[in-house]
K.L.:
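Let me give you the structure first, and then I'll get to my questions.
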Amino acid sequence: HDALPISGKEEKLMKGAWKVTSNIVDYRTRKMRYSCVRVIDMSQPEHSGNREELRVWYTSEAAATLVAEALNQAEALEIE
C-alpha cells in the first residue's frame with residue numbers, strides 16, 4: 001500500500017526504481033525467467049514484504065530490462 005497514516009495525514013512512501021529479478025525454473029537446463037520488482041519503502045530493508053512485483057515473467061533478461069526502464073521513465077514523467 002502506498003501510504004501510511006501519520007498524525008491523521010498520509011505521507012507518500014519513497015519507492016525504489018524498478019529493477020530486474022530472475023528465477024531459475026529448471027535446474028537441469030539452467031532455464032531462467034525474468035521480471036521486474038522495486039522496493040516499496042526505501043527507508044526500510046529490502047525483503048519480500050517490502051517489494052512490489054510486476055507479476056509478469058519474461059524469457060529474456062533483455063525484455064525485462066526494457067520493461068523496467070520504461071516503468072522508471074513513465075514514473076519520472078509523472079513526478080515532473
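All figures in this text were calculated on a predicted structure; none of them were measured in a lab.
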K.L.:
Transitively linked via ILVMFWY side-chain contacts under 4.5 Å: Tyr27 with Val25?
P.N.:
no

K.L.:
Do Val20 and Met32 share a hydrophobic cluster, counting only Ile, Leu, Val, Met, Phe, Trp and Tyr and linking them when any side-chain heavy atoms are less than 4.5 Å apart?
P.N.:
yes

K.L.:
Of all the heavy-atom pairs spanning Tyr34 and Thr59, show the shortest one and how long it is.
P.N.:
CE1-O, 3.8 Å

K.L.:
Check for a donor-acceptor pair, side chain of Asn50 on one end and backbone N or O of Pro45 on the other, with a separation under 3.5 Å.
P.N.:
yes

K.L.:
List for me each residue that meets side chain to side chain contact (heavy atoms under 4.5 Å, CB included) alongside Gln73, sequence neighbours excluded, and say none if there are none.
P.N.:
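Not a single residue meets the side chain to side chain contact (heavy atoms under 4.5 Å, CB included) criterion with Gln73.
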
K.L.:
Return the minimal non-hydrogen interatomic distance between Ala64 and Cys36, and the atom names on each side.
P.N.:
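Heavy atoms of Ala64 and Cys36 come nearest at O-SG, 3.4 Å.
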
K.L.:
Answer yes or no: is there a donor N or O on one side and an acceptor on the other, between the side chain of Ser35 and the main chain of Thr21, under 3.5 Å?
P.N.:
no

K.L.:
Taking Asn23 for the side chain and Arg33 for the main chain, is one N or O donor matched with an acceptor at less than 3.5 Å?
P.N.:
no

K.L.:
Counting C-beta onward and ignoring hydrogens, is there a side-chain heavy-atom pair between Lys19 and Val37 closer than 4.5 Å?
P.N.:
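When only atoms from C-beta onward are counted, Val37 and Lys19 do touch, with a gap below 4.5 Å.
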
K.L.:
Any idea which heavy atoms bring Glu52 and Ile40 closest together, and the distance?
P.N.:
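Closest pair (atom of Glu52, atom of Ile40, distance): N-CG1, 3.7 Å.
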
K.L.:
Taking all non-hydrogen atoms of both residues into account, name the closest pair between Met42 and Lys15 and its distance.
P.N.:
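Residues Met42 and Lys15, closest heavy atoms: CG-C, 3.6 Å.
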
K.L.:
Is Ile24 reachable from Trp57 through a run of hydrophobic residues whose side-chain heavy atoms are each under 4.5 Å from the next?
P.N.:
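Per the 4.5 Å side-chain linkage, Trp57 and Ile24 are not co-clustered.
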
K.L.:
Counting N and O atoms only, with roles assigned by atom type, does the side chain of Asn72 sit under 3.5 Å from a partner on the main chain of Trp18, one being a donor and the other an acceptor?
P.N.:
yes

K.L.:
Among residues at least two apart in sequence or on other chains, which ones pass side chain to side chain contact (heavy atoms under 4.5 Å, CB included) with Thr29?
P.N.:
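For Thr29 the side chain to side chain contact (heavy atoms under 4.5 Å, CB included) partners, ignoring immediate neighbours, are Asp26, Lys31.
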
K.L.:
Under a 4.5 Å cut-off applied to non-hydrogen side-chain atoms, are Val67 and Val56 in contact?
P.N.:
no

